[in-house]
Enquirer: 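Dropping a structure here in structure tokens format, bear with me for questions.
We count residues from 1, following the sequence as given. Order of appearance sets the numbers: ligands from 1, and atoms from 1 within every ligand. Everything numeric in this text was worked out from a predicted model, so none of it was measured.
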Amino acid sequence: MRDSIYTIPISEVFEPKTECPICHLFHILEDRCVEYITGAAMMEPDVRIETNRSGFCFDHYSMMLKKRNRLSVALILESHLDHIFSDVLTKSGLSSFAKSKSPAEKSLKSCYVCDTVNSVMDSMLSNTFKLWEKERDFRKLYSEQKYICMPHAVELINRAQSQIGKKNIREFCDTTLSLSRNYLESLKSDVTSFCRSFDYRNANEPLNSPEIKNSVERSVSFLTSKYPSK
Ligand SMILES: [Zn+2]
Ligand SMILES: [Zn+2]
């Protein structure tokens, strides 16, 4: 059950073509992990041991609070706070020869959801490269994406250096770069139109296009992989 919730066919991730497919994958995994942690996993002691140790980052505590009632978050916190009290925020938990490896430092940087999602993403990206090399149809589907956001374009191009064969690497990098640059070009133009719409000379022209209206949020999302909440 635990691993199967993170099984998603790669083609399904690339099929919608509505946003960066890697962001799309991240959101699906993140959503499933938070759902699981605050639901079925509440009854699984081995998962609780892991969440007691890792805790969560601010974004994922916030997601858990939005998704579920406060009691399920409180039950997770009850044993996590116990762990922090007895093993982390203590004299020995704070001292270590290598400061960055002290239990307290490690606890501040870890998050059960981030760690789980990153590890699943890692193996799914490796499989994406394999699929892209092996299957013509998937290569076509990849080239038809709406765009690849900047952080994921950088990550894909970096990883491709060691995960895609020499004869194909150029095609993969060129396709990824054009997916990002073409979208960037349309974003630039939409942001310019957004700025111009505030000019008094255009005061009588209503801002009708949704692309122009949300161009600021879309730019932030392209640059950071995160969509700002309104
Ligand atoms: Zn992305
Ligand atoms: Zn997190």
Enquirer: Please determine if D31 and K67 form a salt bridge, counting it only when a charged side-chain N lies under 4.0 Å from a carboxylate O.
Expert: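 Here D31 pairs with K67 in a salt bridge, since their nearest N and O are under 4.0 Å apart.
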
Enquirer: With the Zn ion (ligand 2) as the point of reference, which N/O/S atom of H60 is the closest?
Expert: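 It is ND1, the N, O or S atom of H60 closest to the Zn ion (ligand 2).
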
Enquirer: Does K226 NZ have over 12 foreign heavy atoms under 6.0 Å away?
Expert: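 For K226, atom NZ is not crowded (no more than 12 foreign heavy atoms under 6.0 Å).
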
Enquirer: Whether the Y36 and E44 side chains hold a donor-acceptor pair (N or O, under 3.5 Å, no angle test) is what I'd like checked.
Expert: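 Distance-only check passes for Y36 and E44.
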
Enquirer: What angle, to the nearest 10°, do the atoms SG (C23) and ND1 (H152) form about the Zn ion (ligand 1)?
Expert: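 SG of C23, the Zn ion (ligand 1) and ND1 of H152 span an angle of about 110°.
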
Enquirer: Given the Zn ion (ligand 1) as the apex, I'd like the angle to SG of C149 and SG of C20, rounded to 10 degrees.
Expert: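 Between SG of C149 and SG of C20, the angle at the Zn ion (ligand 1) is about 110°.
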
Enquirer: Measure the acute angle between the ring planes of F222 and Y147, then classify it against the limits of 30° and 60° as parallel, tilted or perpendicular.
Expert: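 Aromatic pair F222/Y147 classed tilted.
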
